[in-house]
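Letters go in sequence order (proteins before strands), and every chain restarts at 1. What you see is a predicted model, and the numbers here were worked out from it, not measured in a lab.
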Amino acid sequence: MNQPVVREVKKKLQRLIYQAWEKAFAEGLLPQPGARDEIMIEVPKERAHGNFASNIAFQLTARTRAGGQSGRAPRDVAEILRERVPAHPYLAGVETAGAGFLNFRLTPLWLQEVLLNLAEAPDDYGRIDDLKGEKIQLEFISANPVGPMNVVNARAGALGDSLARFFVFCGAEVEKEYYVNDYGVQVTVLGESLEVRYRELTGEEVTFPDYGYQGEYLIDLARELLAEKGRSLLELPKEERIAFCKEWGCRRILKSQRQDLEDFGIFYDHWFSERTLHESGAVDAVVQRMEKNNLLYEKDGALWFWATAFGDEKDRVVRTADGRTTYFTADIAYHLDKLARGFTHLINIWGPDHHGYIARMKAALEALGYGREKLEILIAQQINLIKDGKPYKMSKRRGEFITMRDLLEEVGNDAARWYFLMRSPDSHLDFDLDLAKEETAENPVFYVQYAHARIASLFRQLDREFRPDPTVINEAAWEDDELEIMEKMAFFPETIALAAGEREPHRLTAYLLELATLFHSYYNRKRFLTEDERLTHIRLSLAFAVGTVVRNGLRLLGITAPEKM
RNA sequence: GCGCCUGUAGCUCAGCAGGAUAGAGCAACGGACUUCUAAUCCGUAGGCCAGAGGUUCGAAUCCUCUCAGGCGCGCCA
C-alpha cells in the first residue's frame, strides 16, 4: 500500500527544512538541529499562504535565546532557513510570511500522484495501515430486550457501525458485538407485563402493575402470543406462565430489534447473551477470582469490590446481601470473556446515562491485572427530538416514544445516518423531525449524493468505458480550481485517519460536504464532455476521482452512493 | 454536593497534538437554466467564540475560577 501522498509530502518538506537547518548550523547561524520530527508541517487556511507551512522559526527563536546567543527574531530565522532550503521537483517556491512562517508552494506533481493512485485502485483509495495488526472489538447499543429500539440506540448504531468500517479501512480486524441483557430485573418485569396483557386479552379483569412496561407494543405482542398459544397458557401455574412470557417475549423482542437494525444496515458479527454468563458459572467465577485476589470485603452482609483503590469514587457491590450477583459482576465476567478472546482493544459505546459506570468498569479490569487503556468507552450523547418546534420527550414507561423504526421510516436510512454522524458524538444533538421530514431536499446528504449521481451520469453519456490515462494526467496543464479539488482529495486519507483515531466520523461528513461543494461549483463552471478529446479526458479523470472519493467516503458512513437521483 | 458532556452567526453545528483575516448548512436578501441532472451555482448580510483571570511570540483551542443547560451519582440494569 502506498503511503498517503500528504504524509509523504510532509516528510519530504521536513527533510528539506532539516537540510536547511543543518546548513545554517554549520554556518553558525542557528543552534544544533534536533529531531527531524519536531519540525511541524501544517496546512494554512489561506490559499495565499501556500500548500504547506511550518512554524519552525518560532520554536527556533526560543532556542537561539536559550543558547546564549543574542536571540533572533522569528522572521530572521525563517529567512535564514528559506535561503537554504534545497531545490526539489515538488517545490515551486518558498516564502517567509507573517510573523515568521515558512510557506511552501508546491508544483502540481504531488497532486497528479493522487489522481494516479485513484486510477490504479479506486476502491482502495483512502485505505491506510494505521491500525494494522489490531484486533478491535466494538460493542454497541446492547439494549435490554424489553422494547423497541429508540433513537439514541439508532445514534449509537450509526456511530458503531461507521467506526467499524473506518477501522477496517485502517487495516484493523474488527468484530461488532451486541450484548443481550437477557437476565435480571428488566426482563422479569417484561415477563410480568406481558403476562398481564395476555390475561387481559383472554377477558380477565386485571390490574396492571405500576412498575410494568405500559407500551402499546406489549399489547400487540400479547395478541401475537394469544394467536400462537391460544388460552393454553392459562392452564399453567402463574410462575411458569410468567417465565414463559419472559422467555417468549425476550426472544420476540430481540428478533424485532435485530430486524430493525438490519433494516438500518447494521449487521453484527456476534450476539452475546448475558444469561449464558450466569449459566456457565462465569459470573460466580468472577466473585471467586476477585476474592482470591483480595479485592473484596464484606459489609452489611454484601460483598464489596474495593473500587476506590482503583480510581472509582465508591466501592461497588458484587454480591448482594441476599446472595445475588449484580449487573456489574456479570459485566466484569463479560469483559473478561472479551479479553480472553484475544482482542488487542475493546471499545464500548454507551449511552449518556452510563457514563458514571465507566470508572468502576475500568477499576475492575485494572484490579484483575489488565491495563485500563485496553478498554475504551465512548459515550454517544443524547438526542433531543424536536417536533412542532418543541422538545419531544420520550418515556418508555408511558409507551409514547418515537422508535428507531419510526424515525427511519420518516427520514430514511441515508438521511438518518448522515444526521447522526455529522455531529460530534459528544454533542447533545437536536434532531428536528419536521425538518428532517419536510426538507429532505435541503438535507446535506443529498447534496453529497447528488455530486456522485451527476458524475455517474457523465460516464453514462460516454459511449465507452473510461480509464484514466496516466500519460494524459502527467502532461495536463491544470487550472487552479482543478488543483484545489485534487488537493482536497489528497487529504481524504488524512481525514479518515483523523476520524478513525478520534472516533469522530463527523470529520468525514464535513469533508465530503467540502469536496462536493468544490465539485458542484466546478461543474457549473466547466464542461466535461467537449470536442477536445484531451481536455475531456483530463476533466473526466477529475470527475472519476471525485466520484470515487465520494463513494468511498459514503461507504464508510454506511450511506449509499446513488448512480441516479 | 461530587462527576461527565455542552456553551462559537437568528437556528443547528464544524473548527485536526495552540498558528496568520473564526467557517459550513439552514433561515433572510439579490442574481444565474437554449448548455453534460437547477437536489446546482454566483453574490450580500450576519460574531465581545458564555464571562473573568492565567500560560506565550500567538488562545475559540491549554490551565484555574465563575455563570448557564443536559446527564449521572442504587445491595437497578
Side-chain angles (χ1 to χ4, degrees), chain A residues 40 42-46 48-49 53 55 57-59 61-62 73-74 97-101 103 143-144 146 181 183-187 189 274 299-304 313-314 316-328 330-331 351-359 379 381-382 384 386 419 422-432 435 439-444 446-447 449-451 453-462 491 494-495 497-499 501-502 504 506-507 509-510 513-514 516-517 519-530 536 539-540 543 564-565:
Chain A
M40 269 192 288
E42 49 196 37
V43 183
K45 263 180 287 191
E46 295 289 322
H49 296 146
N55 61 357
F58 294 103
Q59 290 162 304
T61 297
F101 288 97
N103 293 340
N144 290 310
V146 297
N181 301 132
Y183 184 91
V185 180
Q186 308 255 18
V187 290
V189 171
E274 178 185 358
K299 194 181 81 181
D300 303 333
L303 260 187
W304 297 70
E313 328 175 291
K314 297 180 184 173
R316 308 291 175 178
V317 170
V318 295
R319 195 169 64 208
T320 65
D322 56 4
R324 291 172 297 116
T325 51
T326 63
Y327 178 82
F328 178 47
D331 219 10
D353 51 335
H354 280 68
H355 78 252
Y357 197 80
I358 297 173
I379 297 295
Q381 277 297 347
Q382 65 200 74
N384 302 313
I386 308 287
Y419 261 85
M422 75 188 293
R423 304 302 181 207
S424 156
D426 284 338
S427 74
H428 308 183
L429 76 85
D430 281 4
F431 199 115
D432 191 321
L435 206 72
E439 304 196 55
T440 43
E442 303 298 331
N443 201 311
F446 295 116
Y447 182 86
Q449 288 180 318
Y450 183 49
R454 269 184 152 176
I455 290 166
S457 167
L458 285 177
F459 289 107
R460 267 200 303 277
Q461 282 169 53
L462 212 62
F491 281 92
E494 297 302 289
T495 304
L498 189 66
E502 300 291 320
E504 293 182 338
H506 77 274
R507 310 266 182 198
T509 57
L513 222 40
E514 288 161 11
T517 301
F519 179 78
H520 282 310
S521 174
Y522 179 80
Y523 184 99
N524 252 56
R525 215 164 31 241
K526 301 274 173 64
R527 271 196 79 77
F528 286 83
L529 307 172
T530 67
T536 299
R539 292 183 176 169
L540 283 180
K564 284 182 188 173
M565 285 177 77

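Counting any heavy atom pair closer than 4.0 Å across all strands shown, A:Ala453 reaches a base atom. Residue-level contact check: A:Ala451 touches neither bases nor backbone, having no heavy atom under 4.0 Å from any strand.
Shown here are the salt bridge (charged side-chain N to carboxylate O under 4.0 Å, His left out) partners of A:Arg527, two or more places apart in sequence or in another chain: there are none. Taking A:Phe459 as the reference, A:Phe466 meet the ring-ring contact (aromatic ring centres under 6.0 Å, His included) condition, with sequence neighbours excluded. Residues meeting the salt bridge (charged side-chain N to carboxylate O under 4.0 Å, His left out) test with A:Lys314, sequence neighbours left out: none.
Once the 5.5 Å centre distance and the 30° plane angle are applied, the aromatic ring of A:Phe58 is found stacked with the base of B:C57. In this structure, A:Phe101 does not pack face-to-face on the six-membered ring of B:G19, missing the 5.5 Å centre cutoff or the 30° plane limit.
For A:Tyr522, no side-chain nitrogen or oxygen approaches OP1 or OP2 of B:C42 to under 4.0 Å. Taking 4.0 angstrom as the limit, A:Arg454 places a side-chain polar atom (N or O) nearer than this to OP1 or OP2 of B:A38. Dashed line: the shortest gap from a side-chain N or O of A:Gln461 to OP1 or OP2 of B:U37 is under 4.0 Å. Under 4.0 angstrom from either OP1 or OP2 of B:C16 there lies no side-chain N or O belonging to A:Thr495. Residue A:Ser521 places none of its side-chain N or O atoms closer than 4.0 Å to OP1 or OP2 of B:C41.
In this structure, A:Ile358 places its CD1 atom 20 Å from P of B:C2, rounding to the nearest Å. Nucleotide B:A24 holds its C1' atom 14 Å from the NE2 atom of A:His520, rounded to whole Å. One interatomic measurement links the two molecules: CD of A:Glu42 to C1' of B:G15, which rounds to 14 Å at whole-angstrom precision.
When base pairs are accepted only as Watson-Crick or G-U wobble with both N-N or N-O distances under 3.5 Å, RNA chain B takes part in stems of 3 or more pairs at B:1-7 with B:67-73, B:10-13 with B:23-26, B:28-32 with B:40-44, B:50-54 with B:62-66.
Relative to the side chain of A:Gln382, the nucleotides B:G19, B:U40, B:C71 differ in distance, and B:C71 lies closest.
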- Task: At under 4.0 Å between heavy atoms, which parts of nucleotides 72-77 of chain B does protein reach? Answer with one letter per nucleotide, 5' to 3': B base, S sugar-phosphate only, - none.
- Result: SSSBSB

Using atom names, set out every protein N or O paired with an N or O of nucleotides 12-14 of chain B below 3.5 Å, distance rounded to 0.1 Å.
residue : atom : partner  : partner atom : Å
B:U12   : O2   : A:Arg423 : NH2          : 3.2
B:C13   : OP1  : A:His428 : O            : 3.1
B:C13   : OP1  : A:Asp430 : N            : 2.9
B:C13   : O2'  : A:Arg423 : NE           : 3.4
B:C13   : O2'  : A:Arg423 : NH1          : 2.3
B:A14   : OP1  : A:Ser424 : N            : 3.1
B:A14   : O3'  : A:His506 : NE2          : 3.2

